[in-house]
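Read the structure below first, then the notes.
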Amino acid sequence: MGNPIVIVGSGIVGLYTGFVLAQQDRAKDITFVAEFMPGDQSHMYTSPWYGGNFSIVSGDSDAELEYDRVSFLNLKKIHDQFGPEAGIAMLPSIEYYECDIPSPKKITSLQSYIPDFKILEKKDLIENAIYGIKFTTFNFYCPKFIAFLKQYLTARGATFIRRRLNNIDEAFEFGNKSGVTPIVFNCTGIGAYNLGGVADKNVYPTRGQVVVIRAPHIRENRGLVSPHFETYVIPRPHSTGGHVVLGGYMQSGNWDGTATYGSETASILERTRRLYPEIDDYGRKPIEIVREAAGLRPSRTGGTRIEREDLGQGRVIIHNYGAGGTGYQSGYGMAVKAISLMEQNKPKL
Ligand SMILES: Cc1cc2nc3c(=O)[nH]c(=O)nc-3n(C[C@H](O)[C@H](O)[C@H](O)COP(=O)(O)OP(=O)(O)OC[C@H]3O[C@@H](n4cnc5c(N)ncnc54)[C@H](O)[C@@H]3O)c2cc1C
């Protein structure tokens, strides 16, 4: 028998970690311990709030390219098997750039696995854009996707316990029914900033505000990277009411996750109307706002932390956090890497 496993956190990163373990038939070994779970809403719980999609915004280090690639290929399997039930769909996407165009290394990697990938010709660019890409990608109805993963894991024997931990030491008390010290995955997102025993002050929030509208006729993603803003239109697949997420903001170091601002909503509506005039039928129909929301991306100086820490006395933590703005699109690959660390130097019992 292997070690029991405790996953602290049930955001998308913890749930992907559980899902990959379940593919190895280890769901029964897992106890999730989390303050917030699918179905909850809190500014300290990033995963339920957004569009979201797989876009080109992620970094271009070898590790980041690999997390994206592994995630994309495995998301295809989840999509093909579960599609609507999981709240995932594949939709067309166009991204325009006024600056910060993706590196050739990144483009080469993406071209090798993303379907319908095409660099736009100059004549097909919008005003002020210097570069553009078209491709087919994954869209997530995020609250539905994480609820699906929780239900999938529960059905296969995983346990979910609601608890706020003050110190990582407390995690070792769970999953210990057989007297075996569990391996602990730290998937606490923004919570990693002050989790006792392993608090990581390199973690910081990147605040975003979004506007969710009802626009069932919008079936395509559109994004624009410009010097001061990232602007995007992301349909939420399989949402009742045809919801579309409009954004956004990237406010580094801003912990204000509870308030939304009218001025930011106005800016988002103005920018997304310009980018995708069909959202309000070229100004002919009033936009129907469903909600405005703010959230904190769990960013980290030095990037994502996927690292094994041996604490002595057979106690092992595997850190897996700091997904920033790409937890849905790169989290599966992060989970595969984190789990590969589990098998190294198994603790002596
Ligand atoms: C506006 C916005 C738009 C985004 N768009 C996209 C997108 O299009 N595509 C994409 O891939 N990503 C997107 N993201 C990023 C994505 O949402 C995050 O990367 C992801 O949700 C992070 O997941 P996580 O599991 O690391 O953290 P979380 O979802 O925050 O989960 C953390 C978990 O740890 C638990 N926890 C923390 N501390 C403790 C503790 N002390 N004790 C017990 N439990 C604890 C929490 O309760 C929770 O269960 C967006 C984010 C924002 C804000």
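Note that ligands are numbered from 1 as they come in the structure, with each ligand's atoms numbered from 1 the same way.
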With heavy-atom distances below 4.0 Å as the criterion, list the atoms of ligand 1 near [X].
{"X": "G191", "result": "37 (C), 38 (N)"}
{"X": "G52", "result": "7 (C), 8 (O)"}
{"X": "G295", "result": "53 (C)"}
{"X": "Q329", "result": "11 (O)"}
{"X": "T326", "result": "10 (C), 11 (O), 12 (N), 15 (C), 19 (O)"}
{"X": "I12", "result": "20 (C), 21 (O), 23 (O), 25 (O)"}
{"X": "F36", "result": "47 (O), 48 (C), 49 (O)"}
{"X": "R164", "result": "41 (N), 42 (N), 43 (C)"}

Looking only at protein heavy atoms, which one is nearest to [atom], and what is the separation?
{"atom": "atom 31 (O) of ligand 1", "value": "G11 CA, 3.5 Å"}
{"atom": "atom 37 (C) of ligand 1", "value": "T188 O, 3.4 Å"}
{"atom": "atom 27 (O) of ligand 1", "value": "G189 CA, 3.7 Å"}
{"atom": "atom 3 (C) of ligand 1", "value": "Y50 CG, 3.5 Å"}
{"atom": "atom 44 (N) of ligand 1", "value": "E35 N, 3.1 Å"}
{"atom": "atom 33 (C) of ligand 1", "value": "G9 CA, 3.5 Å"}
{"atom": "atom 24 (P) of ligand 1", "value": "V13 CG2, 3.9 Å"}
{"atom": "atom 8 (O) of ligand 1", "value": "N53 N, 3.0 Å"}

Point to revise | Per atom 48 (C) of ligand 1, closest listed option by heavy atom (Y193, F140, Y45) | key: Y45

Check your understanding: Who's closest to atom 15 (C) of ligand 1 heavy-atom-wise, of P48, S330, G324?
Key -> G324

Neighbour count above 12 (heavy atom, 6.0 Å) for [X] [atom1]:
{"X": "E127", "atom1": "CD", "answer": "no"}
{"X": "D100", "atom1": "CG", "answer": "no"}
{"X": "R162", "atom1": "CZ", "answer": "yes"}

Cation-pi check, [X] onto [Y] ring (under 6.0 Å, within 45° of axis):
{"X": "R315", "Y": "F172", "value": "yes"}
{"X": "R222", "Y": "Y276", "value": "yes"}
{"X": "R207", "Y": "Y249", "value": "no"}
{"X": "R164", "Y": "Y45", "value": "no"}

Check your understanding: Quick one: which of R274, K285, R214, R273 gives a salt bridge (charged side-chain N to carboxylate O under 4.0 Å, His left out) with D280?
Key ->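 Exactly one pass, corresponding to R273.
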
Whether [X] lies under 4.0 Å from ligand 1, heavy atom:
{"X": "L195", "value": "yes"}
{"X": "Y321", "value": "no"}
{"X": "C187", "value": "yes"}
{"X": "R163", "value": "yes"}
{"X": "P298", "value": "yes"}

Point to revise | Nearest heavy-atom neighbours spanning I133 and P102 | key: CD1-CG, 4.0 Å

Practice item. Could you pull out the closest heavy-atom pair between I146 and P38, with the gap in Å? Key: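 Between these two residues, the closest heavy atoms are O-CG, 3.5 Å.
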
Exercise for review: Take F19 and Y152, measure what ring pair (Phe, Tyr, Trp, His ring centres under 6.0 Å) needs, and give me the verdict at the end.
Suggested key: CA-CA 8 Å; F19 187 83; Y152 177 96; 4.8 Å; yes

For the pair [X] and [Y], find out whether any cationic side-chain nitrogen is under 4.0 Å from an anionic carboxylate oxygen.
{"X": "D310", "Y": "R308", "result": "yes"}
{"X": "R156", "Y": "D25", "result": "no"}
{"X": "K134", "Y": "D124", "result": "no"}
{"X": "D80", "Y": "K77", "result": "no"}

Say whether [X], considering both its backbone and side-chain N or O atoms, lies within less than 3.5 Å of an N or O atom on ligand 1.
{"X": "G325", "value": "yes"}
{"X": "S10", "value": "yes"}
{"X": "L165", "value": "yes"}
{"X": "T46", "value": "yes"}
{"X": "R297", "value": "no"}
{"X": "S47", "value": "yes"}

Check your understanding: Is the centre of the Y193 ring less than 6.0 Å from the centre of the Y204 ring?
Key ->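 They do not qualify: ring centres at least 6.0 Å apart.
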
